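What follows is a short report on a single structure.
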Amino acid sequence: MAQYFAESELIINSDGSIFHLHLTPEQLADKVILVGDPGRVKLVSSHFQTVESEVENREFHSVTGEYNGKRMTVISTGIGCDNIDIVLNELDALANIDFKTRMVKDHLRSLTIVRVGTCGGLQPNTPTGTFIASVKSIGFDGLLNFYAGRDKASDLDFEREFKRQVNWNEKIGNPYVATSNQALLNRVAQKDMVRGVTIACGGFFGPQGRELRLPLADPNLNEKIEKFEYQGLKITNFEMESSAVEGLSQLMGHQALTCCMVIANRLARKANAGYKNSIDGLVKLVLDRI
Ligand code: R1P
Ligand code: URA
């Protein structure tokens, strides 16, 4: 018997839009670009030839329009995996739950989702300005651990090897390893992008090894992360959303990938605080290839 989702579990606003995103099912395209910064939505949608809808609520700004004949929705998620739980679940509900009957639709829709973000680079081949596509994403955030499919979505061999090589401190929680959609990765991540492993952190400072006034639990963790190698892959960058985007998408039957531009080079200890114009190069590549 199909499951009925009560009002408290699937909150629908009086105008028929979903609780946080304020989008109606009709306003969601099959191709979705996720960005962290609400200001980046305008940058992405400035490339659209036509705009059919624009919606704003809290940090979630959305524009649906057309780019070179492709219908797309660009949405800002704000910062962090906690917001990705909201965005992915609400996108999936918009796509796959009938808002009138409050039941799962007979025919499921699979979305193509690319996150275009910023990150910190961890390797000599990832200086500021580098575009990195995440082959895998290690989640320090713990979000996927709340879902029953967690072990299906995580690469358990990779997870074990990561914990072994960095001598993982169990008090931090259980990291999981999400894998990007292979076909999408092959289409989007061409020679102009470095392919690597991303770590998505539940914070910008301590979880990424940035020490200001508070000492770190493991001051050598970043050094071990930089040295880590498995199946020919190195850990290339830190950001804060990719693990949840890729992990939840896999469980829900969507195709997802994260591409980020490096704005802080942790090895050279350099940053580019004025990156907002240069990320347009990455935006255009993703719009052309999604
Ligand atoms: C931190 O400054 C934020 O920047 C990165 C991180 O993942 C985090 O959200 O991505 P965005 O530039 O997409 O927000
Ligand atoms: N975003 C992050 O999460 N970390 C960085 O170092 C830069 C951008």
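For ligands, and for the atoms within them, numbers begin at 1 and follow the listed sequence. Note that this is a predicted model, so its numbers are computed, not measured.
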key: Arg266 with Glu226: basic N within carboxylate O range, under 4.0 Å   = no

Sidechain N-carboxylate O distance under 4.0 Å for Lys136, Asp155 = yes

Just verifying a value: how many Å separate [X] [atom1] and [Y] [atom2], rounded to the nearest 0.5 Å?
| X | Y | atom1 | atom2 | value |
| --- | --- | --- | --- | --- |
| Glu66 | His47 | CD | NE2 | 16.0 Å |
| Arg115 | Ile33 | CZ | CD1 | 12.0 Å |
| Leu108 | Asn96 | CG | CG | 4.5 Å |
| Asn13 | Thr24 | CG | OG1 | 11.0 Å |

Which of the atoms of ligand 2 are close to [X], meaning less than 4.0 Å from one of its heavy atoms?
| X | answer |
| --- | --- |
| Glu239 | 3 (O) |
| Ile263 | 7 (C), 8 (C) |
| Phe238 | 2 (C), 3 (O), 4 (N) |

Provide the number and element of each atom of ligand 1 under 4.0 Å from a heavy atom of [X].
| X | answer |
| --- | --- |
| Gly117 | 13 (O) |
| Glu239 | 7 (O) |
| Arg40 | 11 (P), 12 (O), 13 (O) |

What residue and atom, counting heavy atoms only, is the protein's closest point to [atom], and at what distance?
| atom | value |
| --- | --- |
| atom 7 (C) of ligand 2 | Cys119 C, 3.3 Å |
| atom 5 (C) of ligand 2 | Gly120 N, 3.3 Å |
| atom 14 (O) of ligand 1 | Gly36 CA, 3.4 Å |
| atom 4 (N) of ligand 2 | Gln208 OE1, 2.9 Å |
| atom 4 (O) of ligand 1 | Thr118 OG1, 3.2 Å |
| atom 2 (O) of ligand 1 | Phe204 CE1, 3.7 Å |
| atom 1 (N) of ligand 2 | Thr118 O, 3.6 Å |
| atom 8 (C) of ligand 1 | Glu241 OE2, 3.6 Å |
| atom 10 (O) of ligand 1 | Arg115 NH2, 3.0 Å |

request  = Any chance you could lay out the side chain to side chain contact (heavy atoms under 4.5 Å, CB included) test for Leu34 and Ile113, step after step, and finish with the verdict?
outcome  = CA-CA 7 Å; Leu34 299 180; Ile113 301 168; 3.7 Å; yes

request  = Could you name the option among Arg266, Arg210, Met240 that has the heavy atom nearest to atom 6 (O) of ligand 2?
outcome  = Arg210

request  = Classify the angle between the aromatic ring planes of Phe158 and Tyr230 as parallel (below 30°), tilted (30 to 60°) or perpendicular (above 60°).
outcome  = perpendicular

request  = Classify the angle between the aromatic ring planes of Phe140 and Phe162 as parallel (below 30°), tilted (30 to 60°) or perpendicular (above 60°).
outcome  = tilted

Lys/Arg cation over aromatic Tyr176: Arg150, 6.0 Å, 45° cone = no

